[in-house]
Amino acid sequence: MENVTIARLLDETADLLEIDAADPFRIRSYRRAAEAVEQQTTQLATLVDEPKQLLAIAGIGKGMAANIVELVKTGSMPMREELLLKYKPTMLDLLKLPSMGPKTVALIWSALGVADIDSLETAAKEGKLNDLPRFGQKQVDKILKGIEDFRKNSGRYRIDDATATAERISALIREFPGIESVTPAGSLRRGKETVGDLDLLVTGPACETDRVAEVVEHVASLPLIANLIAKGQNKVSFNLRNGLQVDVRMLPRASYGAALQYFTGSKMHNVALRQRAIKMGYTLSEYALARMDDNSVVAAASEAEIYNALGLDYIAPELRENNGEIEAAQNHTLPGLIDLRDIRGDVHAHTTASDGKATIREMAEAALAKGYSFLAITDHTKNLAMTNGLDDARAIEHIAAIREVDRAMEGRIRVFAGMEVDILGDGTLDLEDSTLAQMDVVIGSVHTLFNQPYEEMTDRILRAVENPYLRILGHPTGRLLLAREPFNFDLERVLRRCAELGVVVEHNTGMPRLDLSDRNLRLAKELGCRISINTDAHSITDFDQMPFGIAQLRRAWLTPLDVINTYTPEEFLRALRPRP
DNA sequence: GCCGTTTTCGGCCCGACTGTTTTCAGTCG
């Protein structure tokens, strides 16, 4: 059983306990445990015979460790089974509807026997809900609308789409006079791969208490609003046409730092921070860090002031997951995180020789314009016929052409010659060794034969890694490949072997999906892998995808030293596995 | 159910918004 599954089952148990009106603190420990399990890089299923290691995880005690062992061994646990007999698994879906919380789910179940979305819809349309306490027509309409939205779109939104949307909305909000800045908070600011909603914080003279009402009106009447959810004194919530929920909050400058801290989250990080505040005699809210005894403000205007007042170094948003960052901030051991400015090269790029849209020279100029010191051209090879992949003869000509451009750039940027070689079904590469020997960068990627069994896929990738000419393992989880599920193989074993052999592991930020999750990146670092971040550029604008991948590197606590794109061109070449 | 610089019991984060119960419970982040 995978960690994500264990986490989901624990979280669902927490939902069931809430419906059962159990002790809220007990419920919270199930949620905490679920979060903790999800963040682990080792698979807990391998630890069931060593419960001590489970107990070492913060938030997991004796009882929870026993629960996890039970889940891994039997697929469930006694309490969960009891709750599922008492209630219905479909009730968990109901919790996903807006304004449907555990109390309401329990109420409609006991009063009407409603346990799933379809019967809830029927009951609502037949007017049965209106007789229930705390139910009026507005509540019923809200639920019906919620069911409609739930069926239309449920899920999360990609970080690049959400960023673009946030920028569009911010521009509209800034049109109002007296607005200084609009900042995205929430999981977007934390750099998560996907976001569930958008949090925008607005400040400026117009957001002071006496004027804020006008700003609220301005935001609530933005033309792109599809559905207004709520409008308060300093908050507006709405849905866009694509279903994305946007929460906009207007805040006076004096408390902007506290608000930014608060709404950036994560929830678990904030809870831990507030516990710390209380121990120090403070109370932390979205308005300020204040003394508990006389309510006097200790810090509020900037995040750094708040963290410092709590005896902590400033914690970058990407680290705020209550995953050891608070302890590290206290001990001054936070890592010097990698930053977009550290990146000096991109070593996975395509040209018109295969399926790219620009020439070698155009790509080189674009990389130079990004401020890079090096670029590697890595077109597809012959096995990918649909991309016009190169065979050995064309590859050798292409290498010569790349060398020519490298000379023409006269040292302003180094252009390395490479190829994104296809890993075949038997684990061999689809170009001759003598051709591969002429390249600086050989990326090996799996593009075909998705349906191989787990063991065969693992063996296939391991065999490719053994090839002494392969220097970078390309998008190792295969998540790039459109509309396909990620490969199913033993990632940990592959990463271990890459570390042993000095094969660089790629974090490919080409969309539609980022390649390695922050958890897998953390695992790669723990196992001693060198990492390369690349946009897999097929056009000169694709280099712009770099920031979204950087966010994942930061979430994995990576420093410039961990990532070979931060090196000088010479250091970069030396960092690669030596050629035979 | 977890946890310990007020330790093995008694705590456990904070506030806004909504709808409808004329005083607040439930939901949400």
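Here is the naming used below: chain letters follow the sequence lines, and residue numbers restart at 1 for every chain. Atom set for the values below is all heavy atoms of this structure, side chains included, hydrogens, waters and symmetry mates excluded.
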**Request:** Using a heavy-atom cut-off of under 4.0 Å over every strand shown, decide if A/T283 touches base, sugar-phosphate, or nothing.
**Result:** sugar-phosphate
**Asked** Does one side chain, of A/H269 or A/N322, offer a donor that lies under 3.5 Å from an acceptor on the other?
**Response** no
**Asked** Does A/D116 come within less than 4.0 Å of A/K88, counting only side-chain N to carboxylate O?
**Response** no
**Asked** Do the side chain of A/R522 and the main chain of A/W557 share a donor and acceptor less than 3.5 angstrom apart?
**Response** no
**Item:** Whole-Å distance separating the CZ atom of A/F238 from the P atom of B/dC17
**Value:** 16 Å
Polar pairs (N or O, both sides) under 3.5 Å between protein and nucleotides 3-9 of chain B?
| unit_1 | atom_1 | unit_2 | atom_2 | d |
| --- | --- | --- | --- | --- |
| B/dC3 | OP1 | A/G59 | N | 2.6 |

**Request:** Send over the distance from A/L54 CG to B/dC2 C1', rounded to a whole Å.
**Result:** 15 Å
**Request:** Sticking with atom P, work out how far B/dC12 lies from B/dG19, rounded to a whole angstrom.
**Result:** 32 Å
**Complete:** If pairing means Watson-Crick or G-U wobble with both distances under 3.5 Å, then the partner of B/dT8 is none
**Request:** Mind telling me if B/dT7 is syn or anti? Syn here is a glycosidic angle within 90° of 0.
**Result:** syn
**Fill in**
So, with a heavy-atom separation below 4.0 Å from DNA chain B, the residues of residues 303-320 of chain A are none
**Prompt:** Between A/E2 and A/R519, is the closest basic N to carboxylate O distance under 4.0 Å?
**Reply:** no
**Item:** Donor-acceptor pair between A/Y157 and A/D197 side chains, under 3.5 angstrom
**Value:** no
**Request:** Determine whether the side chains of A/Q261 and A/N270 contain a donor N or O and an acceptor N or O closer than 3.5 Å.
**Result:** yes
**Request:** Scan A/L284 against the nucleic acid and name what it touches under 4.0 Å (heavy atoms): base, sugar-phosphate only, or nothing.
**Result:** sugar-phosphate
**Request:** Determine the interatomic distance between P on B/dA16 and the same-named atom on B/dT20; round to the nearest Å.
**Result:** 22 Å
**Prompt:** Thinking salt bridges, do A/K128 and A/E126 make one under a 4.0 Å N-O criterion?
**Reply:** yes
**Message:** Between A/E321 and A/K192, does any NZ, NE, NH1 or NH2 come within less than 4.0 Å of an OD or OE carboxylate oxygen?
**Reply:** no
**Item:** Pair A/E12 + A/R80: basic N to acidic O under 4.0 Å
**Value:** yes
**Item:** Residue pairs, two or more places apart or on separate chains, that pass salt bridge (Lys or Arg N to Asp or Glu O under 4.0 Å) and touch residues 249-262 of chain A
**Value:** A/E180-A/R253, A/D199-A/R249
**Atom-to-atom span, CG of A/L10 to P of B/dC2 - whole angstrom** = 11 Å
**Complete:** Sorted by number, residues from residues 34-45 of chain A placing a heavy atom under 4.0 Å from DNA chain B are none
**Message:** For the P atoms, the ones on B/dG1 and on B/dT5, what distance do you get once it is rounded to whole angstrom?
**Reply:** 23 Å
**Item:** B/dA16 phosphate, OP1 or OP2, under 4.0 Å from A/Y287 side-chain N/O
**Value:** yes
**Prompt:** Does a side chain donor of either A/T41 or A/E526 reach within less than 3.5 Å of an acceptor in the other side chain?
**Reply:** yes
**Request:** For A/I278, report the nucleic acid contact type (base, sugar-phosphate, nothing); a contact means any heavy atom under 4.0 Å.
**Result:** sugar-phosphate
**Prompt:** Given the C1' atoms of B/dT18 and B/dT23, what is the spacing between them in whole Å?
**Reply:** 15 Å
**Complete:** Its contact letters, B for base, S for sugar-phosphate only and - for none at protein heavy atoms under 4.0 Å, make nucleotides 20-29 of chain B read SB----SSSB
**Request:** Give the rounded distance in Å between these two atoms: CG of A/D20 and P of B/dG1.
**Result:** 13 Å
**Asked** Hey, does A/N67 reach any base, or is it just sugar-phosphate, or nothing, if we go heavy atoms under 4.0 Å?
**Response** nothing
**Request:** In plain terms, say whether A/D149 and A/K145 are close enough for a salt bridge, that is, a side-chain N and a carboxylate O under 4.0 Å apart.
**Result:** yes
**Message:** Rounded to whole Å, how long is the line connecting atom CZ of A/F25 with atom P of B/dC14?
**Reply:** 11 Å
**Asked** Do you see a donor-acceptor pair shorter than 3.5 Å between the side chains of A/E325 and A/N323?
**Response** no
**Asked** Can A/D23 and A/R28 be counted as an ion pair, charged N to O under 4.0 angstrom?
**Response** no
**Request:** Mind running salt bridge (Lys or Arg N to Asp or Glu O under 4.0 Å) on A/R496 and A/E492 for me, showing each step along the way?
**Result:** CA-CA 6 Å; A/R496 222 176 264 287; A/E492 187 168 335; 2.7 Å; yes
**Residue met sooner reading DNA chain B from 5', once A/A230 and A/G63 are mapped to nucleotides** = A/G63
**Request:** For A/N270 and B/dG15, give me the distance from atom CG to atom P, rounded to whole Å.
**Result:** 13 Å
**Fill in**
To the nearest angstrom, the OH-C1' distance between A/Y282 and B/dC14 comes to 18 Å
**Item:** C1'-based separation of B/dG10 from B/dG15 [nearest Å]
**Value:** 25 Å
**Asked** What integer number of Å spans the C1' atoms of B/dC2 and B/dT7?
**Response** 13 Å
**Message:** So, using salt bridge (charged side-chain N to carboxylate O under 4.0 Å, His left out) as the criterion, who are the partners of A/D93 when residues are at least two apart?
**Reply:** A/K96
**Request:** Would you kindly give the OH-to-C1' distance between A/Y30 and B/dG1, to the nearest whole Å?
**Result:** 7 Å
